[in-house]
Structure formats: structure tokens, C-alpha cells
Amino acid sequence: MNAPNGLQVVRSCVEAHTAVRSAQRQGLRVGLVPTMGALHEGHLSLVRRSRSDCGFTAVSIFVNPTQFAPHEDLAAYPRTLEQDLAKLRRLGVDLVFAPASGEMYPPGSTTFVDPPQVAATLEGERRPEHFRGVATIVLKLFQVLPADIAYFGHKDYQQTLVIRHMVQDLLAPIEIEVCPTVREADGLALSSRNVYLSAAERQRALAISRSLRHAQQSFIAGMRSAAELKHQMRSILEAAGLPEIDYLAVVDAHTLQEVAQAQEGVVVLIAARVGATRLIDNTVLRQQP
Ligand code: AMP
């Protein structure tokens, strides 16, 4: 069942909260898809999943300043609200919450979430304030939009762990669902940042997913040494002209600690720069993909 009035777009926390509570009073299960906009099929897959699980779907669109470092791309980040709303309307979304920055960070606000231990490595090491910003905005969104379930993408694997731990540690009354990474036909993981890539850079960026597929195939063929898997992946990346690898890690799926021996369920994660654009991707190693 969906709101008979179609898509409601709200900018204030009070209106957003009221809309979610009123859907719940009607007995509807509410799904939330937090995004920074510039929506692509990856985001839309989360929306479709919420639509199939829940009677009411809310999407937030907010480019969260506190998860960007001063030298990062906050100002340049793509903002395409009208196109986003058209896509969400077509999918039958009930509510879009698109607040201004001051709505989420009232003047004088100084309270932040201290992120869990899993935030310390990988992205957290390279982007020291990033997960503090992510955890803070996600908790705020959960307060404003008290949904029953929230949907996140596996593409940002470490982020999903940060959120799961935060929800558990801070007793947030919400279920977390993680959905598979959506890719282009040639393997490139969809990302709002892909619009920054020139045609030549996009071609080079394909080495990221290619190296992950290679790791998966080597694993199926019996390769277990994490060092050797990383060595082979690095060769693929470097041969494609991607020498700027921020990290390449084979880790335990729960702790994110590096493992020496790959086994079923370990996660391989990459962050690499393609020109000025920083891309991340990952895969879970499985005997039978
Ligand atoms: P963002 O707008 O980049 O903050 O992403 C919003 C949500 O969409 C996050 O939960 C992301 O993990 C998810 N997402 C981004 N790209 C993809 C993708 N290619 N496939 C699936 N989910 C994605």
C-alpha cells in the first residue's frame, strides 16, 4: 500500500517525523533509504527493496558536510534534486526528506557520535573524520525518520559495519538491511562519483572490479595466501595505470582485521585514485559465487 497522494517532499525535521509516525499509525512498516542524492541504479535498488518489504518508503537526500574533509569534494559533489525526485516518483516512493544543512546541524550544535572500533582502519585511517560524520548523520536521520528498517549498500562495506555496531551499541530501535552492489554491465560499481571520470579514466577504473573478479577466481581455484592475492591484484591495477592504490586489503568480514589466509567469507576491499577521483569497491570471497 502506498500513500494515495504520491510523493511528499519535505524539508523540515518536524514534517518528516510526522509523516513517518502517521504511516506507522496506519499500520504500515516504514523503510528508510539514506542517500546523498545524485541517484543511480545502486540507490534505486535499495528503494525497490524497501518498496517490496515495506508499506511506506522514505528516502533522505542530504549531502552531509561533516563526512567530508576540507580537501575533499563537498562543493563539487553532484546535486541533481529534480532528476532524483522524478526517479523516486516513478518508483512510487512515499516521502523524500531533503533538508538544508542548518536543519540537520542546528546553529551551535557540537554533539557527534564517536564511531565504533571498526571505523578505525581502512577508510577511517585515510579519512579520519569520515565515519564520525557518517555515524552522526545516520543517527540523526534515524531520529527524524524513525523507520522500522533502513537499507544500505554493500558497496560501502565498512560503512555498513559502522552502522550495525552503532545501532547495537546505542540501542537504536531499527533493523539494518544490506543490499548487493549494483554494477554496470562491464563491472564498474555504480557511484555518484563516476560522473567525475573522463572516458579514459572510466576505462582505467574498470581494473578495480577486474582485479576483484580475479581475486574471486583465484580463490575458487584454491589460492589462499592473502599476500599472493593482493600481489596479483596490484599487478592488474598497476598494469591498467592505477598506481595510486590507497589500500588493498583482505580482511575478516566482522572485525576488518587483515588475514594471512583467505577463507570463505573474507572480504577484499580496494580504494584507489583514478585521476582526481577516489573510488572504492569490494567483494566477498566465496567458493561458489
Ligand atoms: P551515497 O548516496 O553514496 O551516500 O549512497 C547511499 C546508499 O546507496 C549507501 O547505502 C550506499 O552504500 C548505497 N550505494 C551506493 N552505490 C551503490 C551501488 N553501486 N550498489 C548498491 N548500493 C549502493
Side-chain angles (χ1 to χ4, degrees), residues 31-53 57-69 72-74 76-81 83-85 87-88 91 93 96-99 101 104 118-119 122-123 127 130-142 145 147 149-167 174-197 202 205-206 208-209 212-213 267 269-271 277-284:
L32 169 64
V33 181
T35 81
M36 297 205 299
L39 301 182
H40 51 62
E41 277 300 315
H43 300 113
L44 301 186
S45 72
L46 308 183
V47 171
R48 288 193 190 94
R49 179 66 194 279
S50 172
R51 290 268 297 125
S52 81
D53 292 351
T57 292
V59 176
S60 62
I61 298 179
F62 180 64
V63 183
N64 174 36
T66 65
Q67 69 190 68
F68 290 77
E72 291 180 349
D73 57 340
L74 173 63
Y77 198 84
R79 288 162 172 88
T80 58
L81 185 63
Q83 291 100 301
D84 292 349
L85 292 180
K87 289 175 186 170
L88 297 175
L91 288 187
V93 164
V96 167
F97 177 49
S101 198
M104 297 313 287
V118 285
L122 303 170
E123 285 297 289
R127 307 178 70 192
H130 176 67
F131 285 125
R132 179 182 192 249
V134 169
T136 302
I137 195 63
V138 169
L139 190 65
K140 286 182 186 226
L141 289 169
F142 289 173
L145 300 152
I149 176 163
Y151 297 86
F152 294 89
H154 200 282
K155 157 88 170 27
D156 297 276
Y157 182 71
Q158 188 175 12
Q159 172 172 282
T160 67
L161 290 187
V162 168
I163 290 162
R164 279 192 193 285
H165 280 274
M166 177 187 74
V167 161
I174 191 162
E175 208 178 303
I176 302 299
E177 191 65 39
V178 175
C179 302
T181 301
V182 176
R183 299 176 181 282
E184 304 276 12
D186 57 13
L188 184 68
L190 296 189
S191 162
S192 303
R193 291 192 166 97
N194 290 351
V195 298
Y196 300 148
L197 301 171
R202 192 190 176 289
L206 287 178
I208 296 174
S209 53
L212 289 168
R213 282 199 306 280
V267 186
L269 300 107
I270 302 182
T277 309
R278 186 174 181 280
L279 298 177
I280 60 171
D281 200 352
N282 69 81
T283 195
V284 179

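Quick caveat, the model's predicted, so the values are computed rather than measured. When a ligand or atom number is given, it counts from 1 through the structure's own listing order.
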Sorted by chain and residue number, the salt bridge (charged side-chain N to carboxylate O under 4.0 Å, His left out) partners of R183 (sequence neighbours excluded) come out as D281
Ring pair (Phe, Tyr, Trp, His ring centres under 6.0 Å) filter on H154, not counting sequence neighbours, yields Y157
CG of L88 to OG1 of T57, rounded to nearest 0.5 Å, is 10.0 Å
Problem - Test item: K87 side-chain N/O and L39 main-chain N/O as donor-acceptor pair under 3.5 Å - result: yes
Write out each pair where an N or O from ligand 1 and one from the protein are under 3.5 Å apart, with the distance.
from, atom 1, to, atom 2, distance (Å)
ligand 1, 2 (O), M36, N, 2.9
ligand 1, 2 (O), H43, NE2, 2.9
ligand 1, 5 (O), H43, NE2, 3.4
ligand 1, 10 (O), G153, N, 2.9
ligand 1, 12 (O), G153, N, 3.2
ligand 1, 12 (O), G153, O, 3.2
ligand 1, 12 (O), D156, OD2, 2.6
ligand 1, 16 (N), L190, O, 3.4
ligand 1, 19 (N), V182, O, 3.0
ligand 1, 19 (N), L190, O, 2.9
ligand 1, 20 (N), V182, N, 2.8

query: Is the side chain of T283 donor-acceptor paired with the backbone N or O of L212 at a distance under 3.5 Å, no angle test?
result: no
Residues at least two apart in sequence or cross-chain that pass salt bridge (charged side-chain N to carboxylate O under 4.0 Å, His left out) with R193, listed by chain then number, are D73
